[in-house]
Amino acid sequence: MDETFDAVGEALCCAAAIRLSGAVQVLTERSGLLDNYNSIMAGVENITAFLDGLELDNDLLGHAFGESWCLGASYPTGLAGRAFVDDWSRLVFGTVGLTKPKQCNYVAARALDFASQAAAAWPSAIRIGSFDSLARFELACQQEAEDRLRKDGLPALWKLAEVRSKQYRQAAEQGASPLVVDTGCYAAVVSVVDRCS
């Protein structure tokens, strides 16, 4: 592996892509772009498998890279969620680019900024547990992911990303109306966000 490869940054970007994918899946189903979404997620899943010790599939990654480049532009202009999908696509584009550090001048922090931008661009008021916006929820999720990776490793990070993805999916399924999504026991992240406020 290239000595410039940032495995921690790559893992956090993959976790963010998985986390936000819950909402993106709903939005691409509604817009007729689910096949594009599935191609992109196949690339993200290949990267997570690579971080777990398997080989990268360059054809799969190339396809995901291309689809992520085009998904935002393909999303219908009149449908809610376009900015969210566009920023998620940029997150994935950067995540795939991180696998080739000598070919792509990209850093994980820049890719993760797109996750924050996507959450901030959500087209309606939303409440998730004690969080009054998707942007605050995403900030807490990013901090939680860093802690989980550091303390418990990759398997725990992937599991957490799937749990948060379901919450994003639930938010998207509620459409444009304000909603509350149950977060269960999430006190640790609430305290992290409170410290950052």
Side-chain angles (χ1 to χ4, degrees), residues 1-25 28 36-72 84-121 134-135 137-169 188-189 192 196:
M1 173 47 57
D2 186 331
E3 65 279 357
T4 62
F5 178 70
D6 176 10
V8 169
E10 183 72 78
L12 293 173
C13 288
C14 282
I18 293 166
R19 187 167 56 243
L20 274 66
S21 75
V24 176
Q25 183 177 13
T28 55
N36 306 69
Y37 163 84
N38 288 334
S39 295
I40 293 168
M41 285 307 296
V44 172
E45 290 164 7
N46 182 244
I47 297 170
T48 63
F50 168 69
L51 291 169
D52 287 332
L54 299 178
E55 292 294 319
L56 282 175
D57 181 331
N58 288 319
D59 290 337
L60 197 61
L61 286 179
H63 194 61
F65 192 77
E67 288 290 343
S68 65
W69 182 259
C70 299
L71 182 62
F84 185 91
V85 170
D86 195 41
D87 284 327
W88 178 80
S89 297
R90 291 177 177 150
L91 163 64
V92 174
F93 183 83
T95 301
V96 174
L98 287 170
T99 65
K100 309 288 184 194
K102 288 186 176 177
Q103 296 172 16
C104 294
N105 185 18
Y106 220 85
V107 294
R110 184 173 171 203
L112 284 170
D113 282 345
F114 288 117
S116 299
Q117 286 177 214
L134 203 56
F137 177 68
E138 177 55 27
L139 172 64
C141 286
Q142 289 184 22
Q143 294 168 338
E144 180 188 39
E146 287 181 37
D147 290 344
R148 187 65 54 91
L149 178 60
R150 186 178 65 254
K151 292 176 185 171
D152 302 318
L154 286 172
L157 178 64
W158 304 146
K159 185 175 180 181
L160 175 65
E162 290 295 339
V163 169
R164 300 296 171 235
S165 177
K166 289 176 185 171
Q167 291 174 273
Y168 266 98
R169 180 175 180 83
V189 177
V192 167
C196 296

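Nothing fancy with the numbering, it's 1 onward along the sequence. Please read all numbers here as calculations on a predicted model, not as lab measurements.
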S.K.: At what distance, to the nearest 0.5 angstrom, does NZ of K159 lie from CG of D152?
M.R.: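 The distance works out to 10.5 Å.
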S.K.: Go through S116 and Q142 one step at a time and tell me if the side-chain hydrogen bond (donor to acceptor under 3.5 Å, both in side chains) criterion holds.
M.R.: CA-CA 9 Å; S116 299; Q142 289 184 22; 3.1 Å; yes
S.K.: For a quick test of reading the model, state the closest non-hydrogen atom pair linking L61 to G43 and the distance between them.
M.R.: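 In terms of heavy atoms, the two residues are closest at CD2-O, 3.6 Å.
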S.K.: Could you grab the distance from atom OG1 of T28 to atom CE of M41, nearest 0.5 Å is fine?
M.R.: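 One gets 10.5 Å once the value is rounded to the nearest 0.5 Å.
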S.K.: Is there a side-chain contact between Q167 and F137 (heavy atoms, below 4.5 Å)?
M.R.: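 When only atoms from C-beta onward are counted, F137 and Q167 do touch, with a gap below 4.5 Å.
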S.K.: With sequence neighbours excluded, give me every side-chain hydrogen bond (donor to acceptor under 3.5 Å, both in side chains) pair touching residues 11-23.
M.R.: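 Of all non-adjacent pairs touching residues 11-23, those that pass side-chain hydrogen bond (donor to acceptor under 3.5 Å, both in side chains) are R19-E138.
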S.K.: So, taking the atom named CG in L98 and the one named CZ in R110, what distance separates them when rounded to the nearest 0.5 Å?
M.R.: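 Answer for the CG-CZ pair, L98 versus R110, is 10.0 Å.
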S.K.: Please find the pair of heavy atoms, one from F84 and one from V24, that lie closest to each other, and give the distance.
M.R.: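 Where F84 meets V24 most closely, the heavy atoms are CE2-CG2, 3.6 Å.
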S.K.: Starting from the C-alpha separation in whole Å, work towards a yes-or-no answer on side chain to side chain contact (heavy atoms under 4.5 Å, CB included) for W88 and I40.
M.R.: CA-CA 11 Å; W88 178 80; I40 293 168; 3.5 Å; yes
S.K.: Let's go through W158 and L51 carefully: what are the C-alpha distance in whole Å and the side-chain angles of both, what is the deciding distance for side chain to side chain contact (heavy atoms under 4.5 Å, CB included) to 0.1 Å, and is it a yes or a no?
M.R.: CA-CA 11 Å; W158 304 146; L51 291 169; 3.9 Å; yes
S.K.: Any idea which heavy atoms bring L91 and C13 closest together, and the distance?
M.R.: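 Looking at all heavy atoms of both residues, the shortest contact is CD1-O, 4.1 Å.
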S.K.: Looking only at heavy atoms, which two atoms of R148 and L157 are closest? And how far apart?
M.R.: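 What the structure gives for the nearest pair is CG-N, 4.0 Å.
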S.K.: Could you tell me the separation between the SG atom of C141 and the CZ atom of R164, rounded to the nearest 0.5 Å?
M.R.: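 If I round to the nearest 0.5 Å, the distance is 5.5 Å.
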S.K.: Could you check whether any side-chain heavy atom of F50 comes within less than 4.5 Å of a side-chain heavy atom of D57, counting everything from C-beta outward?
M.R.: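 Not touching, per the 4.5 Å side-chain cut-off.
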S.K.: Are the side chains of Y37 and E67 in contact, using a 4.5 Å heavy-atom criterion?
M.R.: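 When only atoms from C-beta onward are counted, Y37 and E67 do not touch, as no gap falls below 4.5 Å.
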S.K.: Nearest 0.5 angstrom please: I47 CD1 to L60 CG, how far?
M.R.: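 Rounded to the nearest 0.5 Å, the CD1-CG separation comes to 9.0 Å.
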S.K.: Side-chain contact test, heavy atoms from C-beta onward, threshold under 4.5 Å: evaluate it for I18 versus T48 and give yes or no.
M.R.: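 Sidechains of T48 and I18: in contact.
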S.K.: Would you say C70 and N36 make side-chain contact, with heavy atoms under 4.5 Å?
M.R.: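 No, side chains not in contact.
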S.K.: Checking side chain to side chain contact (heavy atoms under 4.5 Å, CB included) for the pair E144/L139: CA distance, chi angles, key distance, verdict?
M.R.: CA-CA 9 Å; E144 180 188 39; L139 172 64; over 6 Å; no
S.K.: Please give me the minimum heavy-atom distance between G9 and A108, naming the atom from each residue.
M.R.: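 Nearest heavy atoms, G9 then A108: CA-CB, 3.5 Å.
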S.K.: Between E146 and L12 (side chain of the first, backbone of the second, donor and acceptor by atom type, cut-off under 3.5 Å), is there such a pair?
M.R.: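 Looks like no, no N/O pair under 3.5 Å.
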S.K.: When the ring centroid of F114 is compared with that of F93, is the distance short of 6.0 Å?
M.R.: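 No, the ring centres sit 6.0 Å or more apart.
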S.K.: For the atom pair OG (S68) and CZ (R90), what is the distance rounded to the nearest 0.5 Å?
M.R.: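 The OG atom of S68 sits 11.0 Å away from the CZ atom of R90.
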S.K.: What's the shortest heavy-atom distance between V96 and A64, and which atoms?
M.R.: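 That closest heavy-atom pairing would be CG2-CB, 4.5 Å.
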